[in-house]
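Because the structure is predicted, anything quoted here is derived from the model rather than measured. Start at 1 with the first residue, then count along the sequence. Ligands are counted one by one from 1 in listed order, and the atoms in each one are counted from 1 as well.
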Amino acid sequence: MIIDGKKESAVLREEIKKEIISIKNKTNKIPGLTVILIGDFAPSQIYVRNKEKNSKEVGINSNVIKYSKDVTEEEVLKKIEELNNDKDVSGILVQLPLPDQISKEKIIHSIDPSKDVDGFHPVNVGNLASGYHAIVPCTPLGCLLLLKKIEKNLSGKHAVIIGRSNLNGKPMAQLLLKENCTVVITHSKTKNLKEECSKADILIAAVGVANLVKKDWVKDGSIIIDVGINKHGDKIVGDVSFEEVKNKVKAITPVPGGVGPMTIACLLKNTLECFKARLT
Ligand code: GUN
C-alpha cells in the first residue's frame with residue numbers, strides 16, 4: 001500500500017479551515033503566523049512560499065518578514081521580541097538554516113515557547129520528552145499521523161529511526177515511545193545499519209541520503225516512512241529505494257507526496273493550537 005500524504009494533508013487542512021471559520025464566527029478572531037526568512041537559500045524560499053500559500057488557504061493571517069543574508073543577530077532578536085509581544089501573532093517560525101553570524105541556539109531560545117510552532121524551543125522539547133503537553137515538531141508529527149492511519153495501535157512495535165536530528169529523529173523517537181513502541185535510533189556511526197533496519201516493524205528514514213534503504217534492509221510487512229527529500233539527477237527522491245521496496249512492505253510513503261504535504265498541514269495545526277491556547 002502506498003500512503004497518500006497529499007490526500008491525508010488535504011483532509012487535515014480542511015478540518016483546520018472549518019475550525020478556523022467556526023472560531024472566527026464566534027470571536028471575530030483568526031490565527032496569525034509570522035515566518036522570518038533570512039538570506040536567499042533557494043529551498044528555503046520555496047518552503048516559505050508554500051507555508052504562506054497554505055496558511056492563507058485555511059484562513060490563517062500569514063506574514064513573511066524577509067532579511068538579507070547579512071542582517072545582524074541583534075536585529076532579528078529585536079523583531080522576535082516584538083512578535084512575542086504582539087497579540088495578533090499566534091505563531092512564529094524562523095526558517096532554517098541561518099547565516100553564520102546568527103546563532104540558531106539564541107534564535108530558538110528567544111521565541112516565546114507558546115508561539116513556537118516548530119516545537120524547537122527547549123521548553124517544548126523537554127515537555128515532549130517528559131510526556132507532558134508540548135508543541136510537537138511538524139515533520140515527526142506528520143509522520144505519526146500517517147502511521148496511525150495504517151496502524152491504530154503501535155504498542156510493542158519495534159521502531160527503527162535512521163537519523164538523530166533535533167528536527168526529526170529525536171522528536172520522532174519521543175512520539176513513538178509515547179505510543180509504547182520499542183525505539184532504536186540509528187545514525188552515521190551505527191554499526192550494521194542494514195541489520196538494525198531489517199528488524200523494524202516501523203522504519204523511519206530521516207537521514208538525507210538518496211535511495212539508501214534497499215529491499216534487503218526491510219522486513220516483510222513492515223511500514224516505511226520516508227522523510228528524505230534528496231536531489232537525484234533531475235528527480236527528487238527519498239532515503240528509501242521506493243520501487244524495489246514497495247512490494248515487500250505493508251505500507252510506504254512516496255517521495256514526493258508522502259511526508260512533505262503532512263509537514264505543512266501540521267504547521268497549520270500547530271498554529272491553530274497556539275491561537276486557541278490564547279483565546280481565553
Ligand atoms: N528548515 C527545514 N525544515 C524546517 C522546519 O521544519 N522548520 C524551520 N524553521 N526551518 C526548517
If you define the side chain from C-beta out and look only at heavy atoms, does anything of M172 sit under 4.5 Å from C143?
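Yes - at least one pair of side-chain heavy atoms lies under 4.5 Å apart.
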
Would you call K276-E19 a salt bridge at under 4.0 Å N-O?
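A salt bridge is present here (some side-chain N lies under 4.0 Å from a carboxylate O).
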
Backbone, side chain, both or neither: what part of [X] comes under 4.0 angstrom of ligand 1, heavy atoms only?
X    : value
D118 : side chain
L93  : side chain
Y47  : neither

What do the steps show when you test R278 against S90 for side chain to side chain donor-acceptor pair (under 3.5 Å), and what is the final call?
CA-CA 8 Å; R278 253 161 221 284; S90 327; over 6 Å; no

What protein heavy atom sits nearest atom 1 (N) of ligand 1, and how far off is it?
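Heavy-atom neighbour on the protein nearest atom 1 (N) of ligand 1: L96 O, 3.0 Å.
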
I need the nearest protein heavy-atom contact for atom 11 (C) of ligand 1: residue, atom name and distance, please.
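For atom 11 (C) of ligand 1, the nearest protein heavy atom is Q95 NE2, 3.5 Å.
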
Nearest heavy-atom pair of V218 and K248: which atoms, and what distance?
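It is O-NZ, 2.9 Å.
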
For ligand 1, which atoms have a heavy atom of V94 less than 4.0 angstrom away?
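Checking each atom against V94, I get 8 (C), 9 (N).
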
Quickly, which of I202, V249, I252 forms a side chain to side chain contact (heavy atoms under 4.5 Å, CB included) with S222? Name it, please.
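Answer after filtering I202, V249, I252: V249.
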
Which residue in the set K78, Q101, K106 passes side chain to side chain donor-acceptor pair (under 3.5 Å) when paired with E73?
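So, applying the side chain to side chain donor-acceptor pair (under 3.5 Å) to E73 and each of K78, Q101, K106, only K106 qualifies.
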
What do you reckon, does L167 put a non-hydrogen atom under 4.0 Å from ligand 1?
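It does, in that a heavy atom of L167 comes within the 4.0 Å cut-off of ligand 1.
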
